[in-house]
Amino acid sequence: MRMMLALAAVALCLGGCANGPGLPSAETAATVGGVIDATGAKAPAPLASTSIDEKAVVLAFEAADTVATQVDTLVATGLLVKGSPKALAVKSALGRLRSFLTSASAAQKAGNATTYRQALSDAATAMHDAATALRGQ
Amino acid sequence: LVDFSKIAASVLDTAEKFAPLLEGTPVGAVVLAGKSILDLIDNVKEVASSDDAAALSAKRDELEPLVLAHIDRTMDELG
């Protein structure tokens, strides 16, 4: 279980970290910035904070699906009992995870980098909360 | 990690052949759980190395409703 959640966190970080593979390099941003300057157009915001693609949110959805599958397994094997305090705590964390994933996806579509990163960070926290709930802490 | 993944994938491939017999059982659930972790490893590699924005966008549009529905089902099972 811990391994799975660690992977989920890695999946989130891979696309969501500032220097992760999901984001263009500083050189690319500088080149694009130079082209924009040459045309006289004004960038609506610093390029570094608007360069968001779908990698992080796709990985976040993949990770969340895996988390849900692991929880399904714990329920199916009887290790997590429906209605128990632990199950309800996990349910609460999953509810928050769902909400943050929806927010991250909407923010990515709208190009709102700040909301996007915050929602992904919150989603990662919700996954950790689910892990903590499963450990009964 | 790669070697482990290959070994585990091989074991799970074998286990999947018995999937009809395991369906709905705790053992079947464990097999599915193991496979989902291996799938996640593969997906992380695939997505991280992808530069096809259109494909990523399509993948997101496909994943989003499925994953949200899965989370809803899981939450229903928790109480």
Side-chain angles (χ1 to χ4, degrees), chain A residues 1 3-4 7-8 10-15 20-22 24 53-95 97-99 101-102 104-106 108-109 130 133, chain B residues 1-2 4-5 7-9 12 15-16 19 21-79:
Chain A
M1 191 65 204
M3 177 186 171
M4 181 278 303
L7 282 170
V10 168
L12 279 169
C13 191
L14 270 175
D53 63 23
E54 272 113 343
K55 286 187 180 182
V57 77
V58 166
L59 290 175
F61 277 118
E62 300 268 18
D65 198 42
T66 303
V67 169
T69 301
Q70 306 310 307
V71 173
D72 291 344
T73 302
L74 293 173
V75 173
T77 54
L79 294 173
L80 192 57
V81 180
K82 184 175 185 175
S84 66
K86 189 180 282 191
L88 295 177
V90 173
K91 180 179 180 178
S92 172
L94 286 179
L97 172 60
R98 187 191 194 287
S99 172
L101 286 174
T102 305
S105 182
Q108 193 277 327
K109 285 177 182 172
Chain B
L1 181 63
V2 172
F4 168 77
S5 296
I7 295 166
L12 286 169
E16 274 196 306
L21 298 174
L22 299 174
E23 194 173 338
T25 68
V27 176
V30 172
V31 170
L32 278 178
K35 189 159 190 336
S36 77
I37 291 174
L38 292 176
D39 287 345
L40 178 62
I41 293 171
D42 286 343
N43 289 332
V44 167
K45 290 176 187 170
E46 181 188 331
V47 172
S49 62
S50 174
D51 289 322
D52 188 341
L56 281 172
S57 183
K59 191 172 182 66
R60 188 266 295 279
D61 289 344
E62 179 190 340
L63 268 179
E64 184 167 352
L66 294 176
V67 173
L68 293 180
H70 185 184
I71 292 174
D72 287 342
R73 286 196 305 276
T74 300
M75 288 174 66
D76 285 345
E77 290 302 312
L78 291 173

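Throughout, a chain's letter reflects where its sequence line sits, starting with A, and its residues are numbered from 1.
When the side-chain hydrogen bond (donor to acceptor under 3.5 Å, both in side chains) test is applied to Thr77(A), no partner is found at least two apart in sequence or on another chain.
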key: side chain to side chain contact (heavy atoms under 4.5 Å, CB included) between Thr66(A) and Asp39(B), intermediate numbers included   = CA-CA 9 Å; Thr66(A) 303; Asp39(B) 287 345; over 6 Å; no
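Only the backbone of Asp76(B) comes within contact range of chain A, judged by heavy atoms closer than 4.5 Å. Heavy atoms closer than 4.5 Å to chain A are found in the side chain of Asp61(B), but not in its backbone. In this structure, the portion of Leu80(A) lying under 4.5 Å from any heavy atom of chain B is its side chain and not its backbone. Residue Val57(A) touches chain B through its side chain alone, counting heavy-atom pairs closer than 4.5 Å.
Between Asp72(B) and Arg98(A) the shortest side-chain heavy-atom distance falls below 4.5 Å.
Thr73(A) contributes no side-chain N or O that, together with a main-chain N or O of Val30(B), makes up a donor-acceptor pair within less than 3.5 Å.
Shown here for Glu77(B) and Lys82(A), the closest heavy-atom pair between the two residues is O-CG, 3.3 Å. Thr69(A) and Ala33(B) get closest at one heavy-atom pair: CG2-CA, 4.0 Å. Between Val75(A) and Leu78(B), the shortest heavy-atom distance links the atoms CG2-CD2, 3.8 Å. Scanning both residues, Met75(B) and Gly95(A), for their nearest heavy atoms gives CE-CA, 3.6 Å.
Of the inter-residue distances, the one linking Lys55(A) atom NZ with Ser49(B) atom OG reads 7.0 Å to the nearest 0.5 angstrom.
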Which donor-acceptor pairs under 3.5 Å do side chains of residues 62-71 of chain B form with protein atoms, sequence neighbours excluded?
unit_1, atom_1, unit_2, atom_2, d
Glu64(B), OE1, Ser105(A), OG, 2.7
His70(B), ND1, Asp65(A), OD1, 2.5
His70(B), NE2, Asp72(A), OD2, 2.7

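Interface remark: of the candidates Gly78(A), Ser84(A), Gly83(A), Gly83(A) forms the most heavy-atom pairs closer than 4.5 Å to chain B.
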